[in-house]
Amino acid sequence: MTELKHYFAPTSLDQAVECLKDGDVTILAGGTDLTPQSQAGRIRIKRTLMNIRHIPQLSGITLEGREIRIGTLATITEIMEHPLVRQHLPVLVEACNHFASDQIRNAATLGGNICNASPAGDTLIPLLLLDARVELASMPEAKLYRHSMPLATFFVGPGKTRRSLCELLTCVRIPLPGEGHVAHFHKLGTRPALDISTISIGIGGTLREGVLTNVRVAFGAVAPTPVRAARAEQALEGQKLDAAIIDRVAAIARDEVEPIDDVRATAWYRKEMIHNITRRMLTHVAQA
Amino acid sequence: MSVSEKKTRIIEPDSLIGKRIPKMDAPEKASGRTRYIHDINLSGQLYGKILRSGRIHALIKSIDTSAARALPGVHVVITAADIPDQRPIGVARDHFPLKVGRVRSQRDEIAAVAAESEEIAEAALKLIKVVYEDLPVISDPEDAIKPGAALIHPEPHGADGTHLHLKQGTSIAHRGKADNIAMRFDYAHGDVVKGEAESDVVIEDTFRLHYVTHCCMGVSGMIAEFDASGNLLMYSNTQVPFLHKREFAEYLNMDPARIRIIQPPIGGGFGSKLDIYPFEIICLFLARAAKRPVKMLFTREEEFLASPTRQPVLLTLRSGCKKDGTLTFRQVHTLHDNGAYTSWGATTPFVMMQTFSSLYRVPHCDYHTAAVYTNNPYAGSFRGYGNLQATFAIEQHMDMMAEAIGMDSLEFRLKNAQDSGETTGQGMVFKSCGFKDCINTAAQRSDYSRKFKENEANRGKPGNIKHGIGMASMLHVGGGAKIYPSDGCGTILKMDDFANVTLITGASEIGQGSETVLSQLVCEELGLPISAITVVNNDTAITPWDVGVHASRTTFIAGNSAIGAAKKAKAKILAVAAKKYDAAEADLDLRGGFVIKAASGEVVVELSKLLRNLHFQDKAELVMTTFYYEPPSVHQGKDFKGDVSAAYAWASQVVEVEVDTDTGMVRMTKITGAHDVGRVLNRLGIEGQIEGGMVMGQGYALTEDLMIVDGVMRNPNFRDYKLVTAPEIPEMDIAFIESMDGEGPQGAKGVGEAPSICIAAAAANAIRNATGVRMFELPFTPEKVYRALHGQTPKRYWKPWKAE
């Protein structure tokens, strides 16, 4: 049973982080993960349920210098439809397009998807490709304190992140991709909507004259967290995408991941799919 | 204006049959106004909740409910010990609603609470302490029949440790069972040894059919109330109110006459409400003890855990034919995983053996099923009732045999297909039979033969997407099924002084559209628009007897019953009109709300006026009629032979797929269905029913999989139990073969179950056509198909076995 005693809906960031000092707070944003998970007993609602939806500082998608800032409350639908995202971050749109269903996309937030820290979280793979950083706010003394870290170091395990109990994820910052940047996302599941990935793959980098540099490869649902694939990245870096290199990278990717068996697939199948889909995606990039 | 000057009004002939008529309950449902059981609340009502087993197979050493009883707001807490007169339920009477001394599956009911709110009831459940002693778990039916296997329903021991051999006649729940065999079925016609000797080709394969469940959008529920005189009123989702009234009475030790069942609109049945489940009896116990109405509703997770499943089957089929394409024999052995208790799933062989013996002409057939106890969920009835499983095996073997003798698979099917006028080895008589039309129509409309050859030729070409096409056909009862002493249905028809009709029928509406089709049949008979009718079909205190909604019987049986009552009403009306207007009854008819001259359509009198005249006179009379229809079918003998249905439905379906060999993903792109439905009554309704059935078949074939590991359900939720979603639904082309059954209402036959039956079998044939790989196990999930494509699926062989 829940121990819920207080419901709190702050209207400013200061109020919210002040409340978090207590440490015994469950944060509610879109609620699309929190509701089913708490009902199924996987998440225990703490003493205070804090609804952060009324905090204006946490919303919005803006260009700040050479960075796109996406507020933690931005819904998947808002992200998909936003001109800045569509122009500069098409791979994020691709991933949002495979996210759950229309109804859930209208409520689910980016911050929620990140803090839920599912190894299969749909937005996490493109954010890793894009070198996204997460910004966290807290109030250790009387003053608001912000710091940020690369998303690649944020995840610790399924449902676990480096966010401390008294911190609030306020936004994601994504550097504008440079010229020649290509990135693609593939979600493999059993159906086109309302599905948890069996595996997901993101591949990105700068493509010039068939040569890929500054390579990013990220995989979902093959490890306790979404992961960058260092060996596959290294094998691709600076290479011209021909059939031989594509086969080699696909094989490296398969051997690099160590997935588990669960209700969705066996580890063997996941490794096979990492191989086949990596090969398919690189072939498409090479042919494009 | 004198009568002679009045312009003669002519009513042109018209018919409701075959028209597209919206379902009568559609506006309410589409606008969210339908009051399901979930929306009904009685004043003073308590909320019931059930504590289920924490173990799969264990002895219950102790139950401590004291803390739960002490919780404020809790009215009643019950365990088996509180209900000394508890009687076993279920098809084999092997199941106490509240478990006595032992739990046998994950869903088992230990205790129940009635409290002032759901939250309090749930909190109380958490306060109940149960001590278990674990027992070995049997989760594989093959283990259940091994010598020395642990027994699921062992014979009870006396205090001295010796077996208490209770007398036969007491139920399995009391006397136990010395083995794990819950039920067995053995059927034969001809001589399979002779048949095999005559065969040029013999093939044998093992097929494995998995667990799926109904996934009704409306979760199960009940409200029970005993009045001050001890009469019981139930709001129940049952599909069979009259049979259940009697059964409920048995379980409560009360007079069935004092039980009334009201059926609110239900959010899906599909066979799942054909048996009585523990929660219903427990809800009654709670209401009886609390002396207050008690409402019990499942959560979605409970709906998965504690609902029946489709019958999982392990099946080895041996088939033979001659080089010229003549079938010689079939031998079938199945192992049915009965789960911990026996419900209707165990009896699916009634239907399965019909498919093996009679879908095609087979001179020699031998069929054996053993349904064995395990610690798994138990199977109930589910649209198709074993026929999906049987058809999956048979229709793959039809393709395989055709390939083995080098014959075109269509030609092979047509050569062995039944015709009208035939009597099968099992004694089924096919009075109307559009089977060959179904095969030909489905093949032509889908361009089956051309695509089949092209796909085969393209198999080896580069590219990861392979196209496949496959066919399967089915036979199912379409005129009821004489399982009970009666397979009939009663109707009361009442006309009011505005010529509106109230049709009071025993047949329940469970979303299948029966009230619309019955209304159509009555209005057709009485020459009235569909807007002139009200249907009452949900209260045992009002409606006449009916067997219940099962076996695709409602349109046929209740339809004939409704027509019978309407004909009697019509005869009475015409007799009155004939007398009053000095005409011969035979020269009059009813049309468009008028009594007319049959030959010319000329209006004699407005029907409502005639009825008022009849009503408001010295010797007043009302038009109220009753009719009971009993189909001319027969009970099967102990050998399972006999013409069990008054008519039989046929269908052929062609499934087209795209298989992605990189991932194993199978996409269904098109289904072409040709259905012998006798006659189309409501075109909109029948299209909807067939489309829905096809999607259910698609889910069975490709995505739905209730995963049970060591007795534990691993995916009791819609996230991991994959129903088909809208974008996956293929293009559908549906053709109707109207064979005009002589006994059917307006020529119609039952169709409710038919559309889901062939899809998995046809999909298996399509995957073979696309890839060259044959799938013997369902469902065709990406990983299963990928493994098969890469030779990673060892072929399973289950050695035929039958109970001695």
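Here is how names work: the chains are called A, B, and so on, in the same order as the sequence lines, proteins then strands, and each is numbered from 1.
Both the backbone and the side chain of A:Thr266 come within contact range of chain B, each with at least one heavy atom under 4.5 Å from a heavy atom of that chain. The part of B:Asp720 that comes within reach of chain A is its side chain, from C-beta onward, which places non-hydrogen atoms under 4.5 angstrom from that chain. Residue contact with chain B, scored on non-hydrogen atoms closer than 4.5 Å, involves the backbone and the side chain of A:Ile196 alike. Contact of B:Gln792 with chain A is made through the side chain alone, with heavy-atom distances under 4.5 Å. In this structure, chain A has a heavy atom under 4.5 Å from the side chain of B:Asn464, while its backbone stays farther away.
The residue among B:Asn715, B:Thr725, B:Thr663 with the most heavy atom pairs within less than 4.5 Å of chain A is B:Thr663. Top candidate by heavy-atom pairs under 4.5 Å with chain A, chosen from B:Glu301, B:Arg714, B:Arg667, B:Lys722, is B:Lys722. Comparing A:Gln39, A:Arg264, A:Glu272 by heavy-atom pairs within less than 4.5 Å of chain B, the highest count is held by A:Glu272.
Donor-acceptor pairing under 3.5 Å is recorded for the side chains of B:His75 and B:Glu116. A donor and an acceptor atom, one from each side chain of A:Ser118 and A:Asn116, are nowhere located under 3.5 Å apart.
A cation-pi arrangement is absent between B:Arg300 and B:Phe718, since the terminal nitrogen or guanidinium carbon is not both under 6.0 Å from the aromatic centre and inside a 45° cone about the axis.
With respect to A:Asp262 and A:Arg270, a salt bridge is recorded, a charged nitrogen being found less than 4.0 Å from a carboxylate O. A:Asp255 and A:Arg231 are not joined by a salt bridge, as no carboxylate oxygen comes within less than 4.0 angstrom of a charged side-chain nitrogen.
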